[in-house]
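Contents: one structure, followed by commentary.
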Number of protein chains: 2
Amino acid sequence: MPSITVENYVKQIYLAGQQQQPTGGQVSMGRLAAAVGVVPGTVTTMVKALVADGLVDYEPRGGVTLTRDGERLALHVLRRHRLVELLLVRVLGLDWSEVHAEAEVLEHAVSDKVLERIDALLGSPTVDPHGDPIPSAKGKVDGTRRHSLAECTVGRPLRVARVTDQDPAFLQFIDRCGLVPGAAVTVEGRDASADAVLVRPDGRRAVTLGGAAAEKVLVEG
Amino acid sequence: MPSITVENYVKQIYLAGQQQQPTGGQVSMGRLAAAVGVVPGTVTTMVKALVADGLVDYEPRGGVTLTRDGERLALHVLRRHRLVELLLVRVLGLDWSEVHAEAEVLEHAVSDKVLERIDALLGSPTVDPHGDPIPSAKGKVDGTRRHSLAECTVGRPLRVARVTDQDPAFLQFIDRCGLVPGAAVTVEGRDASADAVLVRPDGRRAVTLGGAAAEKVLVEG
DNA sequence: AATCCAACTTTGATGATTCAAAGTCTCGGC
DNA sequence: GCCGAGACTTTGAATCATCAAAGTTGGATT
């Protein structure tokens, strides 16, 4: 069985590879070190172990990419993480802003049997409380690319699909604004010079978001 | 924070101390090694670390006893273990015979916040699916000593209170007999020479249990 | 082409946990 | 009082994951 450490490295490689589409999925050692929270030297060491386990391909001074096995493991960890988050919100009543940290630990402690019970109890959901897609048991993920509030059409009724930041303070702010996944919104205006976006959640006070915040709120519709 | 290893040692010291009332709660190194599943030498090493952490008192070639802090930690781990077991049975629908192994891992991954949500969801239960008492958040446990089927009164209507073995095969057997916690039973007879106890679960076929099995089923009433 | 810098790798060391095997103690029997 | 057996401790070594700090490298800058 992969250790908790290995699961975390593989998960972070996957997530980092998702964010930066530019490079061919190759994740730099520095980026990975930051994501995992260790010094770069540690990553060099660990990556060699991951190569030996057949989970990643590694090009010295280039970066790492997941092998098929590595990606399968990453998606399995992510499935556990996201189903656990949803369980914590829907069944145990935790706030969506706090479940990420809890799931970060629980994702390494949930067996396949328990995982599939959670999935069944929740009705095989496709997204977690943040709108992040839940990989299927077979390792398929919804790879839909969505526009953020920073780049979507102005004036058209949209729906918040996903919030791509796990910081509890940010999520609570999003909550207060009424920009949670599922909420109807319209972008009323955008000011490039001011790096600002004026957003109106349906039936709520309009909010001005800076570009960085707007980019974290993905919409559909 | 105590490591998973430390939590396990402390838990096992507590459990071993419960079983053998004889010694003044002092658990031998060999017993602890067997309980934790390591060689004796490892226990000697680890116990020294536990002493340094103020969790146990250790008398070389005598044994270990938990300090107040050690007992508090042990009860906290046990609370997590038992509440998780009950959650797995009542909410996720797992079989009581399989939840022990799952809880063995999850008990180290559940935060206090999640734990108290589980407790609330289940209505602050006092026993887990095996009838083992759940320590309170403040570290109090029901210390009631119960008689087993091997020693209780013959011919009197009783109720199964607890099954003190976590082996799935044994628990499934108990299940098939109808001797699960809560079930009404009567001991119809006992044959000391044959080391056998004849037990009749209410409205079921009578079963003959050997002494070792009978000792694992505790009753009340 | 010479140099510099940031990113990366290497090296040496540490802490936690474990085992195997060798050494030591203690208690019961003689 | 001596001796052996079993229980316990010690010793030496291994594994995993990590860090600090020193050494490389490759491409960008001049």
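Quantities reported herein were computed from a predicted structural model and do not represent experimental measurements. Order of the sequence lines sets the chain letters (A, B, ...), proteins ahead of strands, with each chain counted from 1. All values below were derived from every heavy atom in this structure, side-chain atoms included, with hydrogens, water molecules and symmetry-related copies excluded.
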What residues from residues 41-50 of chain B pass a heavy-atom cutoff of under 4.0 Å to DNA chain D? B:Gly41, B:Thr44, B:Lys48
Scan residues 3-12 of chain A against DNA chain D and write down, sorted by residue number, each residue with any heavy atom closer than 4.0 Å; if none is found, say none. A:Ser3, A:Thr5, A:Tyr9
Please tabulate, one pair per line, each protein N/O and nucleotide N/O from nucleotides 25-27 of chain D that are separated by under 3.5 Å, including the distance.
| unit_1 | atom_1 | unit_2 | atom_2 | d |
| --- | --- | --- | --- | --- |
| D:dT25 | O4' | A:Arg61 | NH1 | 3.4 |

Hey, are the side chains of [X] and [Y] touching, using non-hydrogen atoms and a 4.5 Å cut-off?
X        : Y        : answer
A:Val154 : A:Arg190 : yes
A:Leu15  : A:Gln12  : yes
B:Leu218 : B:Thr164 : yes

Roughly, in whole Å, what's the span from [atom1] in [X] to [atom2] in [N]?
X       : N      : atom1 : atom2 : result
A:Met29 : C:dT10 : CE    : P     : 9 Å
B:Glu59 : C:dC25 : CD    : P     : 16 Å
A:Leu32 : D:dT18 : CG    : C1'   : 14 Å
A:Met1  : D:dT15 : CE    : P     : 21 Å

With distance as the sole criterion, is a donor-acceptor pair present between the side chains of B:Asn8 and B:His108 under 3.5 Å?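 Present: a donor and an acceptor within the cut-off.
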When you compare the side chains of B:Asp69 and B:Thr67, does any donor N or O come within less than 3.5 Å of an acceptor on the partner? no
Selected nucleotide, minimal atom distance to B:Val38 side chain, candidates C:dC8, D:dC19, C:dT18: C:dT18
Considering only distance and modelled atom types, tabulate donor-acceptor pairs under 3.5 Å from the side chains of residues 29-51 of chain A, sequence neighbours left out.
| unit_1 | atom_1 | unit_2 | atom_2 | d |
| --- | --- | --- | --- | --- |
| A:Arg31 | NE | A:Gln20 | OE1 | 3.3 |
| A:Thr44 | OG1 | A:Pro40 | O | 3.4 |
| A:Thr45 | OG1 | A:Gly41 | O | 3.1 |

So among A:Glu215, A:His130, A:His100, A:Lys216, which one has a side-chain contact (heavy atoms from CB on, under 4.5 Å) with A:Asp165? A:Lys216
If the condition is side-chain contact (heavy atoms from CB on, under 4.5 Å), which residues does B:Thr144 pass it with, not counting sequence neighbours?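 B:Thr144 satisfies side-chain contact (heavy atoms from CB on, under 4.5 Å) with B:Asp142, B:Arg146 only.
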Enumerate the salt bridge (Lys or Arg N to Asp or Glu O under 4.0 Å) contacts for residues 80-91 of chain A, please, sequence neighbours excluded, ordered by first and then second residue.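 Applying salt bridge (Lys or Arg N to Asp or Glu O under 4.0 Å) to every pair that reaches into residues 80-91 of chain A, excluding sequence neighbours, yields A:Glu7-A:Arg80.
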salt_bridge(B:Lys113, A:Glu98) N-O dist < 4.0 Å: yes
For B:Ser28 and A:Val39, take the nucleotide of DNA chain D holding the closest heavy atom to each; which residue's nucleotide lies nearer the 5' end? B:Ser28
Checking side chain to side chain contact (heavy atoms under 4.5 Å, CB included) for the pair A:Trp96/A:Val163: CA distance, chi angles, key distance, verdict? CA-CA 11 Å; A:Trp96 75 313; A:Val163 181; 4.1 Å; yes
